Amino acid sequence: MIPVDDVVSLSRLQFGLTAMYHFLFVPLTLGLSWILVIMESVYVMTGREIYRDMTKFWGKLFGINFAMGVTTGITLEFQFGTNWAYYSHYVGDIFGTPLAIEGMMAFFLESTFVGLFFFGWNRLSRVQHLGVTFLVALGSSLSALWILIANGWMNNPVGAEFNVETMRMELVSIADVIFNPVAQVKFVHTVAAGYVTASMFVLGVSAFYLLKARDIPFALRSFAIAAGFGLASTLSVIVLGDESGYTAGEVNKVKLAAIEAEWETEAAPAALTVFGLPNDAEQRTDYAVKIPYVLGLIATRSTDKPVVGIKELKRQHEVRIRNGMASYAALTRLKSGDKSPEARADFLRLKDDLGYGLLLKKYTPRVIDATEAQIRMAVNDTVPKVAPLFWSFRIMVALGMLFLFIFSASFYFLVRKRLAEQRWLLKLAVASIPLPWVAAELGWVVAEYGRQPWTIAGILPTHLSASTLKVENLYFSLAGFLAFYTLLLVVEMGLMIKYTRQGPSSLHTGKYHWEKLEAA
Amino acid sequence: MRRLHGMPLALAITLTLVAKVLILMALHKAFFAEPMVKKMRMPTEKIEQHLLNTTPSPPPKAQP
């Protein structure tokens with residue numbers, strides 16, 4: 001067996017950790033920018049100064065987060081070229097366009113208008129400034145769109161063909177890449193999760209002011225906007241999550257089966273396992289608690305289509321691996337100078353299974369001579385470990401339900417004008433501030449770990465995507481990134497806590513709590 | 001850190017941004033200045049060596 005050395009594991013760890021750190025900053029930027037649009041729109045419509053103060057105060061927290069978060073994603077691009085050279089070559093023709101557009105969106109649209117947002121208050125008219133705030137929000141969401149189009153393509157590589165001459169995937173249809181159903185669902189689900197994160201942040205901080213009985217009109221209005229926007233966003237996340245489940249059922253059957261610990265193909269419509277203890281070694285779920293029909297309805301939108309189980313998927317993968325070996329042999333012949341139409345036809349017939357053949361490279365340099373034992377190991381690799389996916393997904397969904405409860409209860413008591421009595425709800429809102437980040441990170445674990453063993457689903461295995469590097473370099477760069485991101489996070493937390501404690505008094509208008517106390 | 005928090009926000013953010021750019025440049029120079037792939041493209045021979053056998057062999061039988 002060829003050991004898949006630590007380079008692949010360390011490169012994965014480095015990319016995963018930097019992406020997760022990066023995504024601590026992103027959701028707040030995505031959501032808070034739209035909350036600022038709502039607050040400023042009310043200011044423009046009513047002319048009431050309190051809404052201008054709200055926009056400025058929450059804008060200040062947005063600015064801290066934006067400043068700390070900007071360029072944290074660039075480290076991922078460093079890693080593409082150095083740690084993931086083979087992957088970069090394979091996807092370069094497809095990723096070039098979305099990443100370039102994302103760069104334009106992030107640096108020109110978003111950053112320019114963020115500057116105008118902060119320095120334009122006394123230079124622009126109310127409507128012009130609202131336009132700037134709107135463009136900040138639009139720029140944030142659009143830059144996320146292009147990254148998620150690239151990520152969606154990794155899960156469902158449409159609109160591209162493998163070119164034998166260049167040995168890489170090449171773009172055939174940019175429209176197919178942009179309108180890839182996986183990318184579209186991923187985009188709306190991710191930005192809606194960002195809206196939930198920001199809503200919980202504003203709701204929790206406002207609840208803190210209400211508990212302390214300070215700046216109540218300011219806090220109540222902020223709370224109301226967060227409750228309304230948060231409720232709509234949480235409902236969107238749930239509906240879009242359901243759509244995401246359906247899309248996974250269509251194109252990522254392995255991921256769906258692993259998330260649901262669906263070992264066997266059940267008679268349609270499949271039951272949903274709400275709870276259980278997935279046992280990867282024995283390929284079964286112990287103590288499973290199931291709800292009849294629900295998984296079938298979610299994943300297939302029907303009562304007569306089955307959800308294919310892991311064991312059956314593995315049987316299908318074995319066939320594809322054997323076809324992949326033939327495809328690999330045909331490609332080897334082509335690349336060795338055999339230009340005959342038969343060699344080309346052999347390859348074209350089975351080229352969709354080439355990636356499955358490449359899975360064997362983890363165990364043997366001579367794919368075409370792989371033993372039965374090596375084929376069995378490669379088959380087992382085609383399904384990620386079930387337990388991490390099963391639990392990550394369920395914790396994420398449970399948190400989503402908690403958010404729905406908090407926003408619904410907040411909205412209800414606000415409308416009934418009974419919020420002040422519900423101190424338990426205010427305390428729960430404060431305690432829940434970090435939870436949307438937990439849910440979002442778990443969502444990424446489900447998305448990315450669930451795609452394993454592939455970097456590009458069905459096409460390029462992860463172990464063949466990494467560069468040839470020295471382990472020491474990876475350890476040092478990983479340590480450097482950890483120190484860098486931790487420092488940023490500490491600075492962000494420190495500044496956020498400082499300005500949250502000051503509240504709207506940090507605007508120095510003389511109208512709010514601390515300044516009134518000082519004046520008294 | 002305490003000093004940073006005692007500063008006006010604009011100054012704290014400016015200093016953090018400057019520090020961030022310097023750290024990123026240092027990390028890039030130390031670990032990422034010589035990527036194996038330039039402009040997301042490698043010599044095709046290198047990819048062939050990485051993915052394929054160099055000697056052709058007869059194909060095994062495909063399954064339906």
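Here is how names work: the chains are called A, B, and so on, in the same order as the sequence lines, proteins then strands, and each is numbered from 1. Just the heavy atoms: all of them, side chains too, but no hydrogens, waters or symmetry mates, feed the values below. From a predicted model like this one, the values you see are computed outputs, not experimental measurements.
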field: Euclidean distance, A:L331 CG relative to B:L51 CG, rounded to 0.5 Å
entry: 8.5 Å
- prompt: Non-hydrogen atoms of chain B under 4.5 Å away: do they reach the side chain of A:I64, the backbone, both or neither?
  reply: both
field: Heavy-atom pair with the smallest gap, counting every atom of A:M167 and B:E48
entry: CG-CG, 4.0 Å
query: Can you tell me how far OG1 of A:T166 sits from CD1 of B:I47, rounded to the nearest 0.5 angstrom?
result: 9.5 Å
- line: Honestly, the part of A:L358 sitting under 4.5 Å from a heavy atom of chain B is side chain
task: Measure A:T75 against the heavy atoms of chain B and call it side chain, backbone, both or neither at under 4.5 Å.
output: side chain
message: When you compare the side chain of A:H89 with that of B:M36, does any pair of heavy atoms fall below 4.5 Å?
response: no
field: Under 4.5 Å from a heavy atom of chain A, the part of B:L24 involved
entry: both
Closest-packed option against chain B by number of heavy-atom pairs under 4.5 Å, given A:G337, A:A67, A:S467: A:A67
message: Quick check on A:N83 against chain B: is it the side chain, the backbone, both or neither that has a heavy atom closer than 4.5 Å?
response: side chain
- prompt: What's the shortest heavy-atom distance between A:S477 and B:F32, and which atoms?
  reply: CB-CZ, 4.1 Å
- prompt: A:R320 versus chain B, heavy atoms under 4.5 Å apart: side chain, backbone, both or neither?
  reply: neither
- prompt: Between the side chain of A:Y86 and the main-chain N/O of B:K46, is any donor-acceptor distance below 3.5 Å?
  reply: no
task: Side-chain contact test, heavy atoms from C-beta onward, threshold under 4.5 Å: evaluate it for A:V70 versus B:L17 and give yes or no.
output: yes
Nearest-0.5 Å distance, NZ of residue A:K335 to OG1 of residue B:T44: 6.0 Å
- line: Pair count under 4.5 Å, heavy atoms only, with chain A: among B:H50, B:M40, B:E34, B:H28, highest is B:H50
statement: Smallest heavy-atom separation, B:V37 atom then A:S88 atom, equals CG1-CB, 3.8 Å
- prompt: Is the closest side-chain heavy-atom distance between A:F481 and B:L27 below 4.5 Å?
  reply: yes
message: Would you compute the distance between atom CG of A:L487 and atom NZ of B:K20 and round it to the nearest 0.5 angstrom?
response: 10.5 Å
message: Counting only non-hydrogen atoms closer than 4.5 Å, does A:Q79 touch chain B with its backbone (N, CA, C, O), its side chain (CB onward), both, or neither?
response: both
- request: Measure the NZ-CG distance between A:K498 and B:L9 for me, rounded to the nearest 0.5 Å.
  value: 7.0 Å
task: Output the distance between atom CZ (A:R366) and atom CG (B:L52), rounded to the nearest 0.5 Å.
output: 12.0 Å
message: Between A:F118 and chain B, with a heavy-atom cut-off of 4.5 Å, which part of the residue counts as in contact: side chain, backbone, both or neither?
response: neither
statement: Between B:A12 and A:L495 the two heavy atoms that sit nearest each other are CB-CD2, 4.3 Å
